[in-house]
Amino acid sequence: MTLSSSAKTQEIPSYLIYEMDDGKPIYYKGYKEVLAGTKDFEAIMADSTLQAWLKGELFALIKMLLPAGYITTVGEQGLQLGKLKWRAADVAIFKKENFVLSNHYSSKAPEIAIEIDTKADLDSPGASIDYFDRKNRQLFEFGVKKIIWIFTEVQMIKVLVPGEDMQHFEWEEDIIVMEGVLFNLQKIMDQLL
């Protein structure tokens, strides 16, 4: 990520940090506009209606289908991977014994993380690929067993499991979250339309 000369000389407030990667801040997409005064922080932090609705629908569906012994969170679940290293997950599925209810980020890994787009400021295609690869690798090192990425703009889904090839799915295909739990984004969308 490159900063403009005005952003380099200006102290960037910590509330504009979306995630932290080994002490290197990853800022919210649009943070430069907040610094320039052309956008409010709330405008860059909030989900689109599609993202917010999908999070809610997926959470409700998954929560209903999950077997006993699992906890599901929705929103920007903070995951404390280590010192000065944290990531966020839109929907996280934890084994009950790995879930601690507190006012802090989780220091225990969810079994599954579901991401809908990203709020990270990525200023080039190379930065996007690097962000995607690093976040996935770090989540797997933390102990996450499956990551499902939903890209709303291109209506594509990627499913990653450590040691396996990445799977690519179309919007209308069934996505297996775990045994007995699956979703189909096109069917979810059709219920609204």
Side-chain angles (χ1 to χ4, degrees), residues 1-52 54-55 58-59 73-94 102-154 156-162 166 168:
M1 275 172 257
T2 57
L3 299 178
S4 66
S5 58
S6 63
K8 285 180 187 174
T9 58
Q10 181 178 4
E11 180 71 25
I12 300 174
S14 62
Y15 66 82
L16 292 175
I17 299 173
Y18 170 58
E19 293 176 324
M20 185 69 75
D21 183 1
D22 286 328
K24 181 181 174 191
I26 300 169
Y27 297 104
Y28 278 96
K29 188 183 306 181
Y31 81 97
K32 292 174 189 171
E33 289 87 347
V34 173
L35 292 174
T38 59
K39 281 190 178 177
D40 293 328
F41 174 61
E42 291 78 15
I44 67 166
M45 191 182 145
D47 287 333
S48 69
T49 56
L50 176 59
Q51 291 164 334
L54 275 179
K55 277 185 197 180
L58 286 173
F59 170 77
T73 63
V74 65
E76 291 294 324
Q77 170 67 59
L79 302 172
Q80 188 70 51
L81 310 181
K83 186 176 180 177
L84 297 177
K85 186 190 296 187
W86 71 82
R87 297 293 187 162
D90 290 321
V91 178
I93 302 168
F94 291 86
S102 76
N103 287 326
H104 303 286
Y105 289 170
S106 177
S107 61
K108 296 190 179 211
E111 295 294 296
I112 300 165
I114 300 175
E115 287 286 278
I116 302 172
D117 301 321
T118 183
K119 288 187 172 67
D121 183 77
L122 307 169
D123 53 11
S124 70
S128 297
I129 292 167
D130 183 56
Y131 171 82
F132 180 79
D133 289 345
R134 287 183 64 80
K135 182 168 182 171
N136 292 332
R137 185 177 67 252
Q138 289 172 354
L139 289 177
F140 288 146
E141 289 169 355
F142 185 52
V144 174
K145 297 193 175 45
K146 181 184 266 187
I147 305 168
I148 300 171
W149 280 90
I150 298 168
F151 298 99
T152 59
E153 231 175 86
V154 292
M156 291 290 299
I157 303 155
K158 296 179 188 269
V159 177
L160 296 94
V161 174
M166 182 179 357
H168 303 267

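Computed over heavy atoms, backbone and side chain alike; hydrogens, waters and symmetry mates excluded.
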Atom OG1 of Thr152 and atom CG of Leu50: how far apart are they, to the nearest 0.5 Å?
5.0 Å
How close do Gln80 and Gly82 get, heavy atom to heavy atom, and via which atoms?
NE2-O, 2.6 Å
Is there a side-chain contact between Trp86 and Ile17 (heavy atoms, below 4.5 Å)?
yes
Under 4.0 Å between a side-chain nitrogen and a carboxylate oxygen: does that hold for Asp47 and Lys119?
yes
Spacing of Ile114 atom CD1 and Ile150 atom CD1 [to the nearest 0.5 Å]
6.0 Å
Is it true that atom CE of Met20 has more than 12 heavy atoms of other residues, nucleotides or ligands lying nearer than 6.0 Å?
yes
Nearest 0.5 Å, please: how far is CG in Asp117 from CD in Gln51?
4.5 Å
How about Tyr18 and Thr118: do any of their side-chain heavy atoms sit closer than 4.5 Å?
yes
Is it the case that over 12 heavy atoms from other parts of the model lie below 6.0 angstrom from the NE2 atom of His168?
yes
Asp90 and Glu115 have their tightest heavy-atom pair at N-OE2, 2.9 Å
Got a second to check how far Lys146's NZ is from Ile112's CD1, nearest 0.5 Å?
6.0 Å
Taking all non-hydrogen atoms of both residues, which atom of Tyr15 and which atom of Val34 are closest, and how far apart?
OH-CG1, 4.4 Å
Closest approach of Leu79 and Pro110, non-hydrogen atoms and distance?
CD2-CD, 3.8 Å
Quick check: Phe41 with Tyr28 (ring centres under 6.0 Å apart)?
yes
Calculate, to the nearest 0.5 Å, the distance between atoms CE and CG belonging to Met166 and Asn136 respectively.
7.0 Å
Could you check Lys32 against Tyr27 for side chain to side chain contact (heavy atoms under 4.5 Å, CB included), going step by step and ending with a plain yes or no?
CA-CA 9 Å; Lys32 292 174 189 171; Tyr27 297 104; over 6 Å; no
Whether the side chain of Lys158 engages the backbone of Ile147 through a donor-acceptor N/O pair (distance < 3.5 Å, no angle test) should be reported.
no
Determine, for Lys55 against Glu76, whether the closest basic-nitrogen to carboxylate-oxygen distance falls under 4.0 angstrom.
yes
Val144 and Ala113 have their tightest heavy-atom pair at CG1-N, 4.0 Å
Here the gap from Asp121 atom CG to Tyr131 atom OH, rounded to the nearest 0.5 Å, amounts to 11.0 Å
Describe, in one word, how the ring planes of Trp149 and Phe132 are oriented to each other, choosing from parallel (under 30°), tilted (30 to 60°) and perpendicular (over 60°).
tilted
Return the minimal non-hydrogen interatomic distance between Ser106 and Phe142, and the atom names on each side.
O-CZ, 3.8 Å
Applying the salt bridge (charged side-chain N to carboxylate O under 4.0 Å, His left out) test to Asp22, which of Arg134, Arg137, Arg87 qualifies?
Arg134
